[in-house]
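Every chain is numbered from 1, with letters handed out A, B, ... down the list of sequences. Side-chain atoms are counted along with the backbone in the values below, which use heavy atoms only and exclude waters and symmetry mates. Small disclaimer: the values here were computed from a predicted structure and weren't measured.
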Number of protein chains: 2
Amino acid sequence: MTTLKELAKLLNISVSTVSKALNDSHEISENTKRRVNELADKLNYKPNRIAQQLKTNKTKTIGVILPTVTNPFFAEVLHGIETRATINNYDIIICLSDESLEKEKRSLELLSNGSVDGFIIAVARESQVTEQTEHINKVVNSKIPVLMFDRVVNEINCDKVVVDDFKSVYEATEYLIKTEQRKHILLVSNIEELSVGKLRIKGYEKAMEDANLKPDVLKLSKVKDVEARIHSYLKNHQNIDAIVSIDHITGIIAINMAKKIGKVIPKEMSVVGFGYEHTQLLSSPKISIIHQKAFEIGEMSVQLLVDNLKEEDHNLQTIIVPSELKLAESTN
Amino acid sequence: MTTLKELAKLLNISVSTVSKALNDSHEISENTKRRVNELADKLNYKPNRIAQQLKTNKTKTIGVILPTVTNPFFAEVLHGIETRATINNYDIIICLSDESLEKEKRSLELLSNGSVDGFIIAVARESQVTEQTEHINKVVNSKIPVLMFDRVVNEINCDKVVVDDFKSVYEATEYLIKTEQRKHILLVSNIEELSVGKLRIKGYEKAMEDANLKPDVLKLSKVKDVEARIHSYLKNHQNIDAIVSIDHITGIIAINMAKKIGKVIPKEMSVVGFGYEHTQLLSSPKISIIHQKAFEIGEMSVQLLVDNLKEEDHNLQTIIVPSELKLAESTN
DNA sequence: TTGTAAGCGTTATCAC
DNA sequence: GTGATAACGCTTACAA
C-alpha cells in the first residue's frame with residue numbers, strides 16, 4: 001500500500017506537504033496540489049484508515065450486537081442499519097450473541113477497547129430472561145454511546161428504538177372483535193418470556209377484557225412439536241374463530257393446521273401474525289400481518305446513535321416506531 | 001481509556017516494561033508482572049486495538065460483502081461466518097451490496113485501505129449478470145486475500161467455496177424419477193439468470209434427458225405475480241406430477257397452489273425445493289428440501305480465508321460443500 | 001530485569 | 001508555500 005512517505009519521496013517534498021495537498025489545504029500551491037494528486041491517483045493511494053483512526057481517536061465504526069440474523073426481523077433491521085450507516089460513512093462490525101449472555105458479554109468487552117465509536121444492541125434472550133444486563137451498563141458508564149432496540153432494558157439509561165408492541169396487538173385484536181365480529185380469539189406465542197412477548201400478550205388481554213371476552217393464550221416457547229400442539233389444540237377447541245400470533249412462525253403454522261382440520265379461511269377463521277414481506281408470500285390463504293417496520297427501526301437506530309456521537313450534549317431519547325396492520329388481500 | 005503510559009506513570013516504571021509485563025514476557029520479574037497486572041485490572045486496562053493494528057499491520061478483521069441478508073441462505077451463511085470468525089479471534093465488518101454492482105464496488109474500495117485483512121464475497125446479482133467483476137480482480141491483484149462463495153466468478157483466481165448445484169438438483173430429479181416414479185416434472189425458478197441458477201437448471205435437464213423425459217422450465221425471475229403464474233400454469237398442465245424449485249420461495253408457493261387446484265400432496269404430486277430449517281416448518285404438507293449447508297459454507301469460508309492469511313505460501317482451493325436431500329417426513 | 005528509542009501512517013502545530 | 005517535529009498507543013530491537 002502506498003503511503004504519504006512514499007509519495008513525498010517520489011516528489012521530493014515533505015510528508016506534511018503531501019498530506020496538506022491531499023486534504024486540499026489553502027496553504028499549498030495549486031501546482032503542488034496537482035502534482036501530488038496526479039501521483040496519488042497513479043499509485044492508487046488511499047489514506048490508511050487505521051492510522052487515521054489512531055490519530056483522530058474516532059473509528060467511524062459502529063458495533064452491532066444482534067441475538068441472531070436468521071430471524072427475518074433482525075435480518076431486516078440489519079439491512080436498515082447497514083443502509084443508514086453507509087449513508088453516514090460508518091462501517092459496522094457485527095457480532096451475533098446467539099441469544100447467549102456469555103457471548104454478548106464477550107463481544108461487548110472485546111469491542112470496548114476503541115474498536116468502535118458506539119453500539120447498537122438488541123439484548124440476548126438469556127440476558128433478558130435472567131435479567132443480567134450489568135455488562136451493558138458497564139459500557140454505558142464508560143461513556144461509549146449505546147443504543148438499544150426492540151428488546152430493551154428499561155433500567156439502562158440510553159437511547160432506545162422500540163416497537164409499539166402493546167398497542168399494535170391491542171389494535172389488531174380490537175379489529176378482529178369489532179370489524180370481523182370474532183368472539184373466540186386464541187393467542188399463540190413462542191416468545192412469551194421476552195419483554196416484547198409480554199407486552200404483546202398484555203395488549204391482547206386488554207383488548208379482550210375491554211370487549212368482555214375471555215382471553216386464551218397458547219404458550220409454545222418451550223414446546224418441541226409446535227405444529228402438532230397447535231393442531232390438537234384447534235381440534236379440541238372447534239369454536240375458535242380467530243388466531244393472533246405474536247411471532248412470525250406460529251401464525252403460518254396455525255393457518256396450515258386450521259386448514260387441516262377443515263376450517264375455511266378467512267370465512268370461518270381469521271389469522272393475524274407478525275411478519276414481513278416473505279411471510280405473506282409463503283402463506284395461503286394469506287395471513288394478515290402486523291408489519292413491524294424493521295428496516296426503519298434499523299435506520300432510526302443508526303441515525304439516533306450517530307446524532308449522539310456528533311452532538312456534545314445529547315438528550316437521550318426513546319423512539320417508538322409504529323407497526324402497521326396489513327390485512328390479507330381478499331384475492332385469495 | 002487507560003493507556004500503557006498511564007499505568008507506567010502510576011507504577012513509576014517504563015512503558016515498555018508495562019507492555020512486556022502485560023504480555024507475560026520472560027524478561028520481566030514475577031513481582032513486576034503482578035504489580036502491573038493488578039493495576040491494569042483495577043483500572044480496567046484494555047490494549048487499544050487501533051494502535052495494535054497500526055503497529056502490527058494486521059487488523060484481525062474480515063470484510064464480508066453479501067448481496068443481502070434477508071435471504072435466509074445468506075443469513076445462515078453469515079451466522080456461520082460470525083461463529084467461525086469469533087473462534088479465530090477475527091472481527092467482521094459487513095457490507096450489503098443490495099445486489100448492486102455500484103455498492104459492491106464502493107464497499108470493496110472503501111475497505112481496501114487497510115481496514116480489513118481479507119474479504120469474503122458473494123457477488124451481487126448485477127455484477128454477475130453484467131459480468132463486471134474487474135473491481136474484485138483489482139483487490140485480488142493488490143494482494144489482499146479474497147474468498148468467494150456461492151456466487152463465484154470462474155475467471156477470478158482466488159479461494160472459493162461453492163455448492164454442488166448441478167449435482168444436487170440432478171440427484172433430486174433422479175430421485176423423483178426413479179424412486180417416486182414421476183414422469184412430468186416441472187422446474188420452477190426465480191433465479192435463472194444467476195450462475196447457481198443456471199447450474200441447477202442444467203442438473204435438472206441432464207437428469208431428465210438421461211431418463212428420456214421432456215424438461216419443462218418455468219422461469220419467474222422477472223414475474224411480478226409469481227403466485228398467480230404458478231397457479232395458472234399448474235391448472236393448465238394437470239399432468240404435472242412433481243415440481244423442482246431451485247430457490248427457497250417458489251417451492252412453497254407451488255405447494256400452496258397445487259393444493260388449491262385440488263392436488264393431493266404427496267400422493268399425486270411431489271415437491272422439492274431449496275431450503276433451510278424454517279422452510280419445512282412453514283409448509284404443509286411439508287416440502288422436501290435440498291438443504292444447502294449454509295452455516296457450514298460460512299464456517300469453511302472463514303477457515304479457508306484465515307488459513308490463507310496465516311500461511312506464507314497458500315495454495316488456492318475450491319471447496320465444494322455437498323447439499324443434502326431432506327425428504328418431507330411422512331407424518332404429515 | 002528494566003529502560004530507551006524507533007517506528008507503524010496519519011494529522012496538526014509551529015518555524016522558516 | 002513548504003517543511004520539521006511531535007503526537008496518537010502500541011510493540012520491539014537494542015542498550016544499560
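- As a whole-Å value, the separation of Lys9(A) NZ from dG9(C) P is 12 Å.
- With Ser127(A) as the partner, the side chain to side chain donor-acceptor pair (under 3.5 Å) test is satisfied by one option alone out of Glu102(A), Gln132(A), Glu104(A): Glu104(A).
- Atom pair Asn48(B):CG and dC8(C):P shows a separation of 18 Å (rounding to whole Å applied).
- Straight-line distance from the CD atom of Glu6(A) to the C1' atom of dC8(C): 13 Å, rounded to whole Å.
- Residues Arg125(B) and Glu193(B) are paired through a salt bridge, judged by an N-O separation under 4.0 Å between the basic side chain and the carboxylate.
- With Thr59(A) contributing its side chain and Asp117(A) its backbone, the two residues share a donor-acceptor pair below 3.5 Å.
- A 4.0 Å heavy-atom criterion places the boundary nucleotides of DNA chain D facing chain A at dG1(D) to dG9(D), written 5' to 3'.
- For Ser14(B) and dG3(C), the shortest distance from a side-chain N or O to OP1 or OP2 is below 4.0 Å.
- Following rounding to the nearest Å, Gln53(A) (CD) and dT10(C) (C1') show an atom-to-atom distance of 11 Å.
- Note on Ile13(A): only backbone sugar-phosphate atoms sit closer than 4.0 angstrom, heavy atoms only; bases stay farther off.
- Note on Thr56(A): nothing from the nucleic acid sits closer than 4.0 angstrom, heavy atoms only.
- Between the side chain of Ser107(B) and the backbone N or O of Cys95(B) there is no donor-acceptor pair closer than 3.5 Å.
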Contacts under 3.5 angstrom, residues 138-157 of chain B side chains, donor-acceptor by atom type, not counting sequence neighbours:
residue: Asn141(B); atom: ND2; partner: Asn137(B); partner atom: O; Å: 3.3
residue: Ser142(B); atom: OG; partner: Val139(B); partner atom: O; Å: 2.7
residue: Arg151(B); atom: NH1; partner: Glu99(B); partner atom: OE1; Å: 2.8
residue: Arg151(B); atom: NH1; partner: Val123(B); partner atom: O; Å: 3.0
residue: Arg151(B); atom: NH2; partner: Glu99(B); partner atom: OE2; Å: 3.0

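- Ion pairing between a basic and an acidic side chain is recognised when a charged N comes within 4.0 Å of a carboxylate O; Arg106(B) and Glu109(B) show no such pairing.
- Among the atoms of the strands shown, only primed sugar atoms or phosphate atoms (P, OP1, OP2) are found under 4.0 Å from some heavy atom of Ser29(B).
- In this structure, Asn57(B) places its CG atom 21 Å from P of dA6(C), rounding to the nearest Å.
- If you measure from atom CD1 of Ile28(A) to atom P of dT11(C), you get 13 Å, rounded to the nearest angstrom.
- Nucleic acid contact for Ser19(A): base, since at least one base atom lies under 4.0 Å from a heavy atom of the residue.
- Recorded end-axis angle for the helix from dT1(C)-dA16(D) to dC16(C)-dG1(D) stands at 50°, based on five pairs per end and rounded to 10 degrees.
- Gln52(B) comes within 4.0 angstrom of sugar-phosphate atoms only, judged by non-hydrogen atoms across all strands, and of no base.
- Among dG3(C), dT11(C), dA6(C), the nucleotide with an atom closest to any side-chain atom of Lys55(B) is dA6(C).
- What you find for Ile28(A) and Lys33(A) is that their closest heavy atoms are O-CE, 3.5 Å.
- With dA12(C), dT2(C), dT11(C) as the candidates, the nucleotide lying closest to the side chain of Ser16(A) is dA12(C).
- Under the 4.0 Å criterion applied to side-chain N and carboxylate O atoms, Glu38(A) and Lys42(A) are not assigned as salt-bridge partners.
- Residue pairs that meet the ring pair (Phe, Tyr, Trp, His ring centres under 6.0 Å) test with at least one member in residues 80-137 of chain A, sequence neighbours left out, do not exist here.
- Within the 4.0 angstrom heavy-atom criterion, only backbone atoms of the sugar-phosphate kind lie near Lys5(B); the bases stay farther away.
- With rounding to the nearest 0.5 angstrom, the OG atom of Ser97(B) is 9.0 Å from the CD atom of Glu82(A).
- Counting to the nearest Å, the C1' atom of dC16(C) and the CD atom of Glu27(A) are 13 Å from each other.
- When the side chain to side chain contact (heavy atoms under 4.5 Å, CB included) test is applied to Ile320(B), the partners found at least two apart in sequence or on another chain are Val162(B), Asp164(B).
- Of the residues in residues 34-45 of chain A, none lies under 4.0 Å from DNA chain D by heavy-atom distance.
- Distance, Glu30(B) CD to dT1(C) C1': 12 Å, rounded to whole Å.
- Using modelled atom types and a 3.5 Å distance limit, the side chains of Gln303(B) and Asn88(B) yield a donor-acceptor pair.
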